[in-house]
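Each remark here refers to the structure printed beneath this line.
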There are 2 protein chains.
Amino acid sequence: MKNIKLKLARVEKDLSQDELAKIVGVSRQTIGLIESGKYNPSLSLCVGICKALSRTLDDLFWEED
Amino acid sequence: MKNIKLKLARVEKDLSQDELAKIVGVSRQTIGLIESGKYNPSLSLCVGICKALSRTLDDLFWEED
DNA sequence: ATAAAATGTAATATATATGTTGCAAAAAGT
DNA sequence: ACTTTTTGCAACATATATATTACATTTTAT
């Protein structure tokens with residue numbers, strides 16, 4: 001499923017996928033694929049994204065069921 | 001670095017590494033390596049572990065700095 | 001002390017996250 | 001309308017998470 005919370009947090013910070021990717025140190029495609037729910041990212045990458053966007057893991061990657 | 005919070009949550013539930021591994025659907029070694037900090041697990045595995053231990057991502061995998 | 005269970009570690013194999021390049025489509029700016 | 005930026009998508013290459021098997025070590029129970 002798509003990660004809409006991640007996309008929202010990114011646009012709230014006024015960052016493009018490419019800009020966020022450069023901050024985190026991955027490729028633009030990786031960010032795009034995570035947002036579109038086609039990748040299962042590593043924990044360290046999730047943490048890097050969270051820190052770049054001033055959020056926590058629960059904020060961006062946790063889904064209640 | 002070792003993930004002591006994960007190990008504590010596991011023993012609080014009275015589960016061995018092998019038992020947790022079976023619940024989550026991975027090998028015993030994978031759980032051991034995550035606890036000892038030698039693996040960078042995938043997000044879906046982290047979520048599976050959290051649900052098996054009734055915790056959230058922030059509980060087990062987030063470190064303030 | 002002994003046996004059983006739990007954990008650590010290592011070798012090799014496989015699946016998949018991620019990188020790179022390139023191009024197309026869509027969105028935004030002028 | 002036109003240009004620029006942003007995003008999507010595909011093919012191939014590489015790195016690494018994870019599986020499997022086996023054995024050693026430690027911990028726990030008897």
Side-chain angles (χ1 to χ4, degrees):
Chain A
M1 59 248 73
K2 296 173 68 169
N3 190 332
I4 192 67
K5 292 188 289 185
L6 168 54
K7 182 169 188 171
L8 280 177
R10 174 175 62 78
V11 298
E12 273 181 27
K13 282 238 167 184
D14 198 24
L15 293 172
S16 69
Q17 290 182 351
D18 193 48
E19 288 168 329
L20 175 57
K22 276 170 183 146
I23 293 172
V24 174
V26 297
S27 71
R28 173 179 68 82
Q29 283 77 355
T30 296
I31 299 295
L33 288 165
I34 294 170
E35 284 188 1
S36 63
K38 292 169 184 165
Y39 264 171
N40 176 24
S42 68
L43 175 62
S44 68
L45 176 48
C46 293
V47 169
I49 291 172
C50 285
K51 292 189 173 169
L53 298 178
S54 309
R55 303 296 164 90
T56 73
L57 287 169
D58 284 359
D59 289 337
L60 300 185
F61 296 102
W62 183 254
E63 326 253 341
E64 298 293 338
D65 44 336
Chain B
M1 59 246 77
K2 298 174 68 169
N3 189 334
I4 193 68
K5 292 188 288 183
L6 168 55
K7 182 168 190 173
L8 280 177
R10 174 175 63 79
V11 299
E12 275 182 25
K13 282 237 165 186
D14 198 25
L15 293 171
S16 69
Q17 290 183 350
D18 194 47
E19 288 167 330
L20 175 58
K22 275 169 184 144
I23 294 172
V24 174
V26 297
S27 70
R28 174 180 67 83
Q29 284 76 357
T30 295
I31 299 295
L33 288 166
I34 293 170
E35 284 188 0
S36 63
K38 292 170 183 165
Y39 264 172
N40 175 25
S42 68
L43 175 61
S44 68
L45 176 50
C46 292
V47 169
I49 291 171
C50 285
K51 292 188 172 167
L53 298 179
S54 309
R55 303 297 165 89
T56 72
L57 287 169
D58 284 359
D59 288 337
L60 301 186
F61 296 103
W62 183 255
E63 325 254 341
E64 298 292 339
D65 46 333

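The structure displayed is predicted, hence computed values, not measured ones. Chain identifiers are assigned alphabetically (A, B, ...) following the order of the sequence lines, protein sequences preceding nucleic acid strands; residue numbering begins at 1 within each chain.
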**Asked** So do A:L6 and A:I31 actually touch side chain to side chain, heavy atoms under 4.5 Å?
**Response** no

**Complete:** Quick tally for nucleotides 4-13 of chain C: nucleotides whose base has a protein heavy atom under 4.0 Å get B, sugar-phosphate-only ones S, the rest -, giving ---BBBB---

**Asked** Who pairs with B:E64 by side chain to side chain donor-acceptor pair (under 3.5 Å), at least two apart in sequence or on another chain?
**Response** B:W62

**Request:** Give, ordered by number, those residues of residues 40-47 of chain A having at least one heavy-atom distance below 4.0 Å to an atom of DNA chain C; if nothing qualifies, reply none.
**Result:** A:N40, A:P41, A:S42, A:L45

**Message:** Test of understanding: with side chain to side chain donor-acceptor pair (under 3.5 Å), list the residues that count as partners of B:Q29, not counting sequence neighbours.
**Reply:** none

**Request:** Answer yes or no: are there more than 12 heavy-atom neighbours, outside B:K51 itself, under 6.0 Å from its atom NZ?
**Result:** yes

**Message:** I want to check something: taking the side chain as every heavy atom from C-beta on, are B:F61 and B:L43 in contact at a cut-off of under 4.5 Å?
**Reply:** no

**Prompt:** Within a strict 4.5 Å, meaning less than it, do heavy atoms of the B:R10 and B:E35 side chains meet?
**Reply:** yes

**Request:** Taking side chain to side chain donor-acceptor pair (under 3.5 Å) as the test, write out the residues that go with A:D18, two or more places apart.
**Result:** A:K22

**Message:** Please report the interatomic distance CG(A:N40) to CG(A:L33), rounded to the nearest 0.5 Å.
**Reply:** 12.0 Å

So which protein N/O to nucleotides 28-30 of chain D N/O distances come out below 3.5 Å?
none

**Asked** Can you find a heavy atom in the side chain of A:K13 that is under 4.5 Å from one in the side chain of A:S54?
**Response** yes

**Request:** Check whether any side-chain heavy atom of B:C46 sits under 4.5 Å from a side-chain heavy atom of B:L60, and report yes or no.
**Result:** no

